[in-house]
There are 2 protein chains.
Amino acid sequence: VTKYYTPHTHTFMNFFVVSPQGCRYVSKAAAKTQVEFDYDGPSMTTTVPGPRSQELMKQLGQIQNTGAINFFCNYEESKGNYLVDVDGNRMLDIYTQISSIPIGYNHPALLKVMTNPNNLSTFVNRPALGILPPENFPDKITESLLSVAPSGMTRVQTMSCGACSNENAYKAIFIWYRNKERGPNTPTNEELNTSMINQAPGCPELSILSFMGGFHGRTLGCLATTHSKAIHKLDIPSFDWPVAPFPRLQYPLDEFTRDNAEEEARCLEEVEDLIVKWRQKGKPVAGIVIEPIQAEGGDNHASPDFFRRLRNIARKHGCAFHVDEVQTGGGGTGKFWAHEHWGMDDPADVVSFSKKLLSGGYYHKDELQADKCWCITGVPAHVLFLCFPQPYRIFNTWMGDPSKNLFLSEVLNVIRRENLLEQVTRSGKALLNGLYELQAQYPSILSRARGQGTFCAIDACDDATRDRIMLKARDKGVLLGGCGDRTIRFRPALVFKEYHVNLFLNIFNDVLAQHK
Amino acid sequence: VTKYYTPHTHTFMNFFVVSPQGCRYVSKAAAKTQVEFDYDGPSMTTTVPGPRSQELMKQLGQIQNTGAINFFCNYEESKGNYLVDVDGNRMLDIYTQISSIPIGYNHPALLKVMTNPNNLSTFVNRPALGILPPENFPDKITESLLSVAPSGMTRVQTMSCGACSNENAYKAIFIWYRNKERGPNTPTNEELNTSMINQAPGCPELSILSFMGGFHGRTLGCLATTHSKAIHKLDIPSFDWPVAPFPRLQYPLDEFTRDNAEEEARCLEEVEDLIVKWRQKGKPVAGIVIEPIQAEGGDNHASPDFFRRLRNIARKHGCAFHVDEVQTGGGGTGKFWAHEHWGMDDPADVVSFSKKLLSGGYYHKDELQADKCWCITGVPAHVLFLCFPQPYRIFNTWMGDPSKNLFLSEVLNVIRRENLLEQVTRSGKALLNGLYELQAQYPSILSRARGQGTFCAIDACDDATRDRIMLKARDKGVLLGGCGDRTIRFRPALVFKEYHVNLFLNIFNDVLAQHK
């Protein structure tokens, strides 16, 4: 059944006129020509989770907690923007494995990586990258990660996941901060000895300033900077680190510039107060960590001006400025890094990534590399590892995974070849315009539509409504994600086109109409 | 040049008589028949690192800290027990990527995984396992991880690396501990609210007791339980958690049973004292974490009796007992888990793993699953995530990597088919006997030979000698690893045979003879 989105207002007409080809693709033939690896639309055979998913849920329930599982997937049959489940349901995926699938399912360019015999041994022999990297490692990270390095950064440290990326970035920040304080001096015996038993001065009381609503991972260091939901933090010991308010803005941003500027000024003032207060407490702020758009915390935006001022505050107080692009990085905002929207030459000291980049890591400035070499005499060898004093400070067994870099190189090729960032910008405009229309049409249900590129969000009136709407949309073949307490977030792959936007808006409109 | 190990003593003769076939393999024909995917010996063309490695080191030095890099590798040409470098040197690898290559390089069974078209999509589409697992996930972890589950454990949580495994295991322990204290009660509003700003009671002052010399990873939670080298911990904020002494035993263990038992009793007494002291401090010990053999800290052993008593102390004081098998797990000790040597039905509450298991995770008892469901009224939705309160407490985007499980299934098949654990036990005996001989022959250089299976170690007289010996051995085609301050550790793959032991002993003997 082919359906078209019915415009209700003038603006909506414009939206249609701007993208007339949007509906043309809703025929099998056209779709196959234009997007050869995509399906032509959702196709539902059961409610979700269907019987087969429920059966597997029981099986897995014997082994693991299955409370978070949506359904089980048939990844072989999934293609492009469509995720197929084990009951044969085919859903338009606007959540993409928590924003971690960059160019859709089973992209031909990625399948080709697998059939290249030269790549075999990279998959089969996972190296300890920090000590025994493969011959092509410098070339591979040059053509992959370095080719998209943020402004001012030529160095990158690979890691295996987002949490490890942030944990190690924090460590690099602490080491950098103490090296600054230490100057030309080497660590004292007291520092070395106390560090072994977790005590100051060896393990100093330094802090990372983070923001209420922020999310930076769930390991103990990261979790001390995560403040999105209590259930993530309850019962886990933490650090006494400062938490600043993140601006709570009104949307659309350009209609509330004055109020929003005031709110941002209030938050920035609080940041400076906290830095001073924690320094007085003897727990100086070594770094500030922030997402360009708070994602898990409810898709909260701030203006480029806010980030520019915050970056200056960090500089003024000698704190490293760490931009966490784990969820925003990789193109979803229409630029490869969300911080590019700030228009700064020197946006950050550290930028961490994972998800769409397929493995983790962080870029950093030269000065944040922990490889200063000391010559220390009089320190017993069991206290200081003399042979390689500094390289092992940021280290673990795998330090990433070269097989993921093979895929990333291809992902970047596809992004460039198919101008996917421009595609994202176009689709994002269509999506946000559609959301504006829908919230105008259903003001009792929806509000606060916002976004950059396809990295969009809209709020429901309450969490129960949000959850009901999302489940109904899923049963009609659209997979969405939630965040914050009542927000629906949109995290499509970069191959999400205006055609898919229209498909989604059609279905979402039906869901909302039935909800009333 | 074929060389044979020259026995110098009677015992050595015995060693030779017991394994006469050891030398037979040192001909190309025999090697190819017996170990079809292995080379027949080391082959060196340059000193290491050679010119090509040095060139690549410079290139990578522009991008990363290269201080820890040994050399660059040609993983395509590496086979079985032999690692080939980019200068064409072929080394007998007794370190295996920090103990993480289970069945050698480019094992045919693993290459076959890559050529099976059914496996393609598992590599290309990495799922968010916690919400959208693939159809075969329950079967795959049943046939891989669950088929080797430690005694008393039927549940396993997958993770991506060793540090994340321990971080999440600690979280599960803290949640379990607080749930016990809380009983039938739900968390209070005060707990939920304070947790958002890192404060007690929401983020309670609980602790994990660990051991001096232990290593459990380098992320901030793990690092608070790691005490192997100061340089790993210096400048990183930590938790005030108790650190107990690990027994410092004399080797061979069976010659010093009484002294060793006294030393172990001393350490156990200290453990109980610390548990009491930290409870009085208001930072109760929720869990005890320990390695069956302290690896990074210098290959320190303790007796089965020590671990049985420690396990009882944990039980008595209501602390979870967490056995970290990240380095010891996977067969290197001659049993799949090192803790099997303790001969206990209920060895642990949590067992974490990574490395040879190819991705990370932890097994745990039912009661450590964080899925107790609360019904809470009167708590604002933004504080508590009402829809799925508990499943997201142990969670991240990827939660492991199913493509690594494909390999692990094959690894386990090979271990069973080829009886590799028996092989390890045989090779381990030959290796340890050889080390006993060498330390008898070179008492001014070597001492404290020790080991279980091929998980062996020997101490040099000092760190400089240790490092010199290791570099010389490398130039002669044997790759070894260091640990502690003066220890050489042996971490061969499970396909390391008596033939390889003899090859190694030949070369090592030459190195030591020249060193004198």
Side-chain angles (χ1 to χ4, degrees), chain A residues 59-60 65 67-68 70 72-73 75-76 86 97-98 100 105 110 114 120-121 124-125 128 130-132 134-135 138 160-161 167 171 174-175 178 192 195-198 202-203 206 219-221 227 229-231 233-238 243 369 371 381-383 385 387-388 391 397 463 467 485, chain B residues 59-60 65 67-68 70 72-73 75-76 86 97-98 100 105 110 114 120-121 124-125 127-128 130-132 134-135 138 160-161 167 171 174-175 178 192 195-198 203 206 219-221 227 229-231 233-238 243 369 371 381-383 385 387-388 391 397 463 467 485:
Chain A
Q59 193 189 339
L60 189 59
N65 188 341
N70 291 357
F72 283 77
C73 303
Y75 287 104
E76 289 77 16
V86 291
Q97 312 292 324
I98 321 182
S100 68
Y105 295 102
L110 302 187
M114 295 293 296
L120 266 187
S121 84
V124 169
N125 309 295
I131 57 170
L132 295 163
E135 180 161 22
S160 294
C161 69
E167 289 274 343
K171 286 177 62 175
F174 291 130
I175 292 168
R178 285 293 295 130
L192 294 169
S195 76
M196 289 293 272
I197 49 167
N198 300 9
C203 295
L206 297 175
T219 48
L220 268 64
H227 315 278
K229 295 193 185 78
I231 196 66
K233 294 171 68 70
L234 183 69
D235 298 343
I236 315 297
S238 196
V243 190
Q369 181 158 315
D371 65 353
H382 72 275
V383 172
F385 189 33
C387 316
F388 305 109
T397 297
D463 57 334
D467 296 342
D485 60 339
Chain B
Q59 194 189 338
L60 189 59
N65 187 343
N70 291 356
F72 283 77
C73 304
Y75 287 104
E76 289 76 16
V86 292
Q97 312 292 326
I98 320 181
S100 68
Y105 296 101
L110 302 187
M114 295 293 297
L120 267 185
S121 84
V124 169
N125 309 294
I131 58 170
L132 295 162
E135 180 162 21
S160 293
C161 70
E167 289 274 344
K171 286 176 62 174
F174 292 130
I175 292 168
R178 285 292 297 129
L192 295 169
S195 75
M196 289 293 272
I197 49 167
N198 300 8
C203 295
L206 297 175
T219 49
L220 269 65
H227 317 277
K229 297 194 183 75
I231 196 67
K233 294 172 67 72
L234 182 70
D235 298 343
I236 314 299
S238 195
V243 191
Q369 180 157 316
D371 64 355
H382 72 276
V383 171
F385 189 32
C387 315
F388 305 109
T397 298
D463 57 335
D467 296 344
D485 60 341

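To find a chain, count down the sequence lines: A is the first, B the second, and so on, and within it residues start at 1. Only this structure's heavy atoms are used, side chains among them; waters, hydrogens and symmetry mates stay out.
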Minimum heavy-atom distance between D463(A) and D485(A), given as atom pair plus value: CB-O, 3.1 Å
Top contributor to chain B interface from V86(A), I98(A), L132(A) [non-hydrogen pairs under 4.5 Å]: L132(A)
Pairs of heavy atoms under 4.5 Å with chain A: top-ranked of L60(B), V243(B), N125(B), L110(B): N125(B)
Which of R178(B), K171(B), E76(B), H227(B) touches chain A most, by non-hydrogen pairs under 4.5 Å: K171(B)
Chain B interface, residue from F72(A), F174(A), Y75(A) that has the most non-hydrogen pairs under 4.5 Å: Y75(A)
Shortest non-hydrogen separation from K233(A) to S195(B) and the atoms involved: CE-O, 2.8 Å
Chain B contacts, top residue of P134(A), P237(A), C203(A) (heavy-atom pairs, under 4.5 Å): P237(A)
Top contributor to chain A contacts, counting heavy-atom pairs under 4.5 Å, from V124(B), N198(B), T397(B), I236(B): N198(B)
From S238(A) atom OG to M196(B) atom CE, the distance as rounded to the nearest 0.5 Å: 12.0 Å
Side chain to side chain contact (heavy atoms under 4.5 Å, CB included) between L220(A) and T219(B), intermediate numbers included: CA-CA 8 Å; L220(A) 268 64; T219(B) 49; over 6 Å; no
Region of S100(B) that comes under 4.5 Å of a non-hydrogen atom in chain A: side chain
Donor-acceptor pair, side chain of Q97(A) and main chain of P127(B), under 3.5 angstrom: no
